[in-house]
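For reference, the structure discussed in these notes is given below.
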Amino acid sequence: MKLEPQPNDAGAVETPSEGQLELDEHYVQDEHDVNPDFELPKYLLEDLPLPFRGLIASIEDPTKASALLYASIASIGAALPFVETTYRGCPITPVFYFFLLGNAGSGKSIIAPARTLVASLDASIRKASDEEIRQFHRENAARADAEKDIALDVVPPAKKKFLFAANSTGAKMVRDMCNNPAGLIFDSEADTLKQALRAETGDISSALRQNWQREPISVSRVTNDLDITTSKPHVGIVISGTYSQVLPLVRDIENGLLSRFNFMWLNDAVVFEDPFAPNLSVPSEVAKHNADSVRDLYMHGTAKDRLPCTFSFSGDQQQRFREHFVPIVADNLFDYDNATTLRSALTMVRIAMVLTVCREWFDNGTLGTSVVCNEQDFQTALALAEAARMGTDTIINRLRSRVVAHTLPPPRRSNLEFFERLPEEFKTSDAKELADQIGVSRSKMFELLGDSRLFEKTKHGHYRKLPPDKP
């Protein structure tokens, strides 16, 4: 579906067409679903700022090109903690949570070059941090030699990085968020975030919601000896996975984390592509070529005593922004639709921030302390945000239809892991072995096996998993 943003566009959508991608074969389509297919208008693709223009130029599939574009905007946005604008009276920075969905073999690795864009920045930060820590230990050793009778109680500097491990515990990830001025969680397997979202390891759901809003994060836990804070968190997320990998990340659809993600998915048709085609390496080569410039942009913007770069819309752009989103909110039927729309409006502003800053830095070779949104970037951001709004709305609608079967009560997640890891058909002995591995008690195991919403007993000692939507 092509989105041609117009000043009075109320966000009309097409109904799903025959053969449209169905990520959940058991899902029953309803009247509120939208077609997730998305293709950025050609005239906007041709006028993207560097490095985005070069990244997607060789990709023939428009959906994959758009996926890499989204992921690259999110990755570079994570490296721009110094770019600010005022939204609803509060300062915000370009933080994105992007989730690419696709079946196995659908080509989700297309977004990998987006990580390469910030690899040089991560390496530079880690190298400087390692040297800082070594210097600390050298100085500490010297003080210890000079003051042998004095017990030294000095805390070494925290390890700095830009790329955060997605499979960290919640406590570790919160430390990383508070110890670094900016960061990015980038992973090709979405369920690696499950560890950080478990209550037992310090559920970071609330911290991620605060980070997305640019609200202060303050955490204190006795069990993890955790007492840290940051007034200006700035961490982006880029993950990919199958539709089933969304489910472990959902404890409560109403808690707002889900609607902060921008969802997009790839076509379900798996086609064997020539693995030796020369154009396949072009996006990665373009990303490598521009990685040092992304690093330099970050260093330029975060230099000591440098003022933030203030982004703004022109008066006319502000008016068109309002004209676009006001009718959409008025037409929404449900509260969760409103939440998605309001957050997509903020996403639109953030996309425009990244595009215009990159246009200034990569195309013009400079970046001052203030910048006004480029008109082409305004239109591109509007189109991308609208696609993200529809994709997120569709995902939330689909999850709401399965929430009883798949959203387990907090705080334990082992029940969900037990269900997911069981084969489609299994014996009681298989269930016992898995329950012992992941810490599900025998009583809880038999309680789950007796749940007619989840399992069907085919004969004595034999079970079959039921489709998620089957009552």
Side-chain angles (χ1 to χ4, degrees), residues 48-53 55 71-87 90-98 114-129 132 158 160-164 176-186 211-217 230-238 287-313 346-347 349-374 377 381:
L48 286 168
L50 289 173
F52 309 113
R53 188 166 64 245
L55 275 172
S72 299
I73 290 173
S75 292
I76 293 183
L80 304 179
F82 54 89
V83 180
E84 297 181 350
T85 193
T86 301
Y87 189 86
C90 299
I92 61 146
T93 53
V95 166
F96 301 89
Y97 296 167
F98 176 62
R115 188 183 191 278
T116 304
L117 279 171
V118 295
S120 179
L121 170 57
D122 179 63
S124 295
I125 291 175
R126 289 175 184 268
K127 182 178 179 180
S129 179
E132 180 186 24
K160 302 294 195 306
K161 66 193 75 172
F162 181 76
L163 289 169
F164 299 170
D176 286 340
M177 294 172 71
C178 293
N179 290 332
N180 294 274
L184 176 66
I185 301 167
F186 197 114
N211 170 71
W212 195 88
Q213 297 288 154
R214 186 69 161 174
E215 295 174 351
I217 297 175
T230 177
S231 60
K232 296 180 178 180
H234 184 92
V235 177
I237 301 177
V238 177
K288 290 178 183 177
H289 178 74
N290 287 281
D292 286 350
S293 294
V294 174
R295 177 202 61 202
D296 294 344
L297 172 58
Y298 174 86
M299 298 302 179
H300 173 78
T302 58
K304 186 177 180 180
D305 299 327
R306 178 174 171 79
L307 295 174
C309 175
T310 303
F311 171 90
S312 62
F313 284 148
L346 178 50
T347 293
V349 177
R350 286 171 162 162
I351 293 174
M353 293 168 75
V354 175
L355 292 176
T356 294
V357 166
C358 285
R359 191 178 296 275
E360 290 292 312
W361 181 257
F362 287 93
D363 291 1
N364 301 329
T366 183
L367 181 66
T369 55
S370 65
V371 63
V372 177
C373 183
N374 175 275
D377 298 336

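- Counting heavy-atom neighbours within 6.0 Å of Lys161 NZ, excluding the residue itself, gives a total above 12.
- Looking only at distances, no side-chain donor or acceptor of His300 sits under 3.5 Å from a matching main-chain atom of Trp361.
- Checking side-chain atoms of Thr85 against main-chain N and O of Phe311 turns up a donor-acceptor pair under 3.5 Å.
- Looking only at side-chain heavy atoms (C-beta outward), Arg350 and Ile92 come within less than 4.5 Å of each other.
- Between the side chain of Asp377 and the backbone N or O of Cys373, no donor-acceptor pair lies under 3.5 Å.
- Under a 3.5 Å cut-off, the side chain of Ser129 and the backbone N or O of Ile125 do not form any donor-acceptor pair.
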* Show your reasoning for whether side chain to side chain contact (heavy atoms under 4.5 Å, CB included) applies to Phe362 and Val294. => CA-CA 9 Å; Phe362 287 93; Val294 174; 3.8 Å; yes
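- In terms of modelled atom types and a separation under 3.5 Å, the side chain of Ser75 and the main chain of Ala114 share a donor-acceptor contact.
- Taking the side-chain contact (heavy atoms from CB on, under 4.5 Å) definition, one finds that Arg53 meets it with Leu48, Leu50, Asp363, sequence neighbours left out.
- Put simply, the side chain of Arg359 never gets that close to the backbone of Asn364: no donor and acceptor are under 3.5 Å apart.
- In terms of heavy-atom proximity, Phe96 sits nearest to Gly77 at CE1-CA, 4.5 Å.
- Contact detail for Ala381 and Leu355: the closest heavy-atom pair is N-CD1, 4.3 Å.
- Checked against the 6.0 Å centroid criterion, the rings of Phe164 and Phe162 do not qualify as a close aromatic pair.
- Residues passing the side-chain contact (heavy atoms from CB on, under 4.5 Å) test with Pro233 are Asn211, Ile217, Thr230, sequence neighbours excluded.
- Ser120 and Asp292 form a side-chain donor-acceptor contact under 3.5 Å, judged by distance and modelled atom types alone.
- Put simply, the side chain of Arg126 gets close to the backbone of Leu163: a donor and an acceptor are under 3.5 Å apart.
- Residues Asn290 and Phe52 fail the side-chain proximity criterion, which asks for heavy atoms closer than 4.5 Å.
- Without hydrogens or angle criteria, His234 side chain to Asn180 main chain gives no donor-acceptor distance under 3.5 Å.
- Here the side chains of Pro181 and Thr302 are not in contact, with every heavy-atom distance at 4.5 Å or above.
- Side-chain atoms of Thr356 come within 3.5 Å of backbone N or O of Asn374 as a donor-acceptor pair.
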